[in-house]
Each structure stands twice: as C-alpha cells, then as structure tokens.
Amino acid sequence: MPNLKDLRVRIDSVKSTQKITSAMKMVAAAKLRRAQEQAEAARPFSERMDRMLSSLYDGLPAGTSGPELLAGKGKDDIHLIVVMTSDRGLCGGFNSSIVRGALKIINRLLDDGKEVKILCIGRKGRDILRRDFRSLILDTFEDVGRKALSFVDATMVSDRILRMFANGEFDVCTMIYNRFQSAMTQIVTPQQLIPFQASPKTHSNAAEDLDSSEVEAAGAGKAVYDFEPDEQAILEDLLPRNLSIQLFRALLENAASEQGARMTAMDNATRNAGEMIDDLTVTYNRTRQAFITKELIEIISGAEAL
Amino acid sequence: MTKTAEFELVAPEELLLSELVELVVVPGAEGDFGVLPGHSPLISTLRTGVITVYEKNEVKKRLFVSGGFVEVTPERCTVLADEAVSIETADRRDVENRVRASQEVFDAAREDEKDDAAEALRISKALLAVLDTAGQA
C-alpha cells in the first residue's frame, strides 16, 4: 500500500511544477504578441524591397545575368546551410523539427557528393547537430535577439555570409527556419538565399495586391525606369541588403514561432500536470480511507474478541 | 488643390512615414533631387543625408537617413532607408553618446573590422553635423 506521506509530497511537487509551466505559458504568450507585432512591422520593408527588386530584374539589359549573388557562380559544389534554432529549450518540438529538416537536406547533399558547411544560429540546433556533424559546423551565433531582435543582428549574420561568399567558401546558401503559421503550427521552411531566388509566393501576392489599373500603370512604368547609377550598380548594392532583410524576416518569424511553440508546449504541460494532480488526489483519498477502514476493523474485532 | 504624391519612408524594422506630400527632396547617390507628383519613374541609391518634406513651399519635416534606396513612380515615392531619424525629435545628447560609442568601437576594432566601424562612426558624425546645422537654421 502506498505511503500517505509520499503521496502528499508528490502532489505538492506536481503542483509547483504546474505553477511554473503556467507562468512560462503566460510569459510566452506575452512575448509571442510582441514578436508578432515586430514581424508585422517589418513586413512593409520587405514588400517594397521585393517590388524594387522585380523592377530591377526587368530593367536589366537582356543578356546580362547580374552580379554573382543573383546569378550564382555557375556551380553548386559547396553548400552552406544556415540553421536557425532557439537558444533555449522547453518549447516542444520546435528545435528538433528544424534540425530534422536540416538533417534531411544535409544528408541528401552529402549523398550527392556535395560539400556541406553549417552555420548555426541558436545554441539548441548546434547542440543537436554537433553529435553527427561536428566537423561541418563553422560557427554558431548565440544570443541573437536575446533582448529584442534588431536589424543589426541580421546584418551581423549576413555580413559573415557575404564575406564567406566573396572568399569563395561556398556556392549555394540555404537557410532553414520555422515559418510562423499560428501559435499551434509552425512550418519548417528551407529557403535558398544565394543565388537569390525571388519566392514565387511574394510575386503572386504583389500582383494580387495591386488592382488592375495599378497593374497597368506599373506595367507601363516598369519599362521606362531610370536608374541612378546604373542597374548593375544598384543591384550590387541592393542584393546584400536584401540578404539581410531575408535573414531578418526569417529571424523574426523564428522568434514568433519559438514563443508560439513554447506557449503550446507549456499549455499541454500545465494540463498534464492538472490531470496528474487529479489522479494522485484520488489515490491519496482512497488510501487514506483504506487506512481508516483498516483501523476501524482492528478496533471492532479487538472489541468483539473480548 | 495642389497635386500630391504618396510618400513612404520605410526602415527595416517598421514603416516610419506614409503620407501625401507636395514635394520631397531626397539625397540621391548622384546628387539631391526633388520629387514632385508626376515625376518620371526612377530607382536610385541614397547617400547619407537629409530627406526634406515640403508643404506649401515650407519645410514640413526633415529626416536623416544613413543610406538606402529610393523608388519613384509618377504617383509614389518610396524610400527604403537603412536607418532614419527624425531631426525634430532627435535628442542631441543621445547622438553625442552614439558618436562617442562608435568612436570607442572604432578605436578598439581589429584590422578586419575597421571598415565597418569607420562606416558606423561616419554615419553617427554625419547625424550630429546635421543636427547642429538644423539647430542654427
């Protein structure tokens, strides 16, 4: 028969765990709201950037392929994978799903005989990847956006990537992050950064946003843009900036996803703790009653024996 | 009624300004230029400088930009700034601190970081200079 005191201690410990998880859930919810607001505030810039980039594509004289950041180096032997995870755990499957996605890509590339280099953003991804690919990890950025994510953080990462690209250390760069769908669902998304590919999604969205008259105006306007200085020079300036923006957007999405995942995980944990407390309380009460009954039987049978 | 064009100033972190303007002067890479409604389509890079928004021939707003891009169409002018600071609301003491901080970073920077640090220092000094001239005017 279980010991009453042990049961009491267990119930108390589960109760205090529940208090912690529900507090964490509340904190995550507040942080999620902030992260979402930030992600929304950053959206106009990347939309305008997309619009400007597509005008520039169209403005490029026929036959020129643009700078290497856009056209690539004509080979894809060395791949750089940027894995974005969080610095802290306790957020459900958030980190492991990113790492799983990354592993799939890495293994496929290795099978194809490509060389792979890994750049980690966030401690958790590094910790897991280190088990299998210690030698492939170049560097880890930690505490990115620990207080509040700023554009400077993204620039720091993109500067590093650009320097490596300029030194010819890789040919293709892909980042993996969690796209924020809702607090419940995050989608692991690989996105190729270099050579830059305009995502088809943003393009169709941009077209939808404009009503038909504007499309006509834009279509008419596009052909006659003046460039100052010339297209090539602007592109060379714009593409590195675009890289920072893409990274920044991914970091923001990732931050929102992390808080969303943590909120959901902690919500589950709180509920589980509640169930556990109920179960334990039932057991506790039953045991207590059993003891009382047993004692009563002892007294009665003792009295009868006299 | 005077004709207006839509002017937008966007920084990476947020949309700073979106309003109808009569004239805005932008520091283009190859010289300042004014944008009136109906300007021919243009894409240009920006140098460090001041964007001035005019209304009824008077300066309405002045904003410092560290650099970026501008896209002009007949009905719209969009500035993608790396960083933008409103000159009316900027606090001179904050800017002074920033110049000092970036000077320290520059002095401590290793050889391969010198360029970035020098750039940050240049921008903060430019902002300070702009604030000083605005104060005198």
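In what follows, every chain begins at residue 1, and chains take the letters A, B, ... in the order their sequences are listed. Not measured: the values here are computed from a predicted model.
In this structure, the portion of A/F248 lying under 4.5 Å from any heavy atom of chain B is its side chain and not its backbone. For A/I234, the parts lying under 4.5 angstrom from a heavy atom of chain B are both the backbone and the side chain. Only the side chain of A/R241 has a heavy atom closer than 4.5 Å to any heavy atom of chain B. Residue B/E83: no heavy atom, backbone or side chain, is found under 4.5 Å from chain A. Residue A/S46 does not touch chain B at all, counting heavy-atom pairs closer than 4.5 Å. Of the two parts of B/T73, only the side chain, counted from C-beta on, holds a non-hydrogen atom closer than 4.5 Å to a non-hydrogen atom of chain A. If you measure heavy-atom distances from A/L252 to chain B, you find no contacts under 4.5 Å at all.
Counting heavy atoms from C-beta outward, B/P12 and A/I245 have side chains that approach closer than 4.5 Å.
The distance from the CG atom of B/L80 to the CD atom of A/E47 is 11.5 Å, given to the nearest 0.5 Å. Rounding to the nearest 0.5 Å places CG of A/L235 at 11.5 Å from OG1 of B/T45. Separation of atoms CE (A/M49) and OG1 (B/T78) is listed at 12.5 Å; rounding is to 0.5 Å. In this structure, CG on B/L9 lies 11.0 Å from CZ on A/R48, to the nearest 0.5 angstrom. Taking CG of A/D159 as the reference point, atom CG of B/D115 lies at 11.0 Å (rounded to 0.5 Å).
When each of B/G28, B/A11, B/A29 is scored by its heavy-atom pairs under 4.5 Å with chain A, the top score falls to B/A11.
Residue B/R122 places its CZ atom among more than 12 non-hydrogen atoms of other residues, nucleotides or ligands, all under 6.0 Å distant. No more than 12 heavy-atom neighbours from other residues, nucleotides or ligands sit within 6.0 angstrom of CG on B/N57.
A donor-acceptor contact shorter than 3.5 Å links the side chain of B/E13 to the backbone of A/F151.
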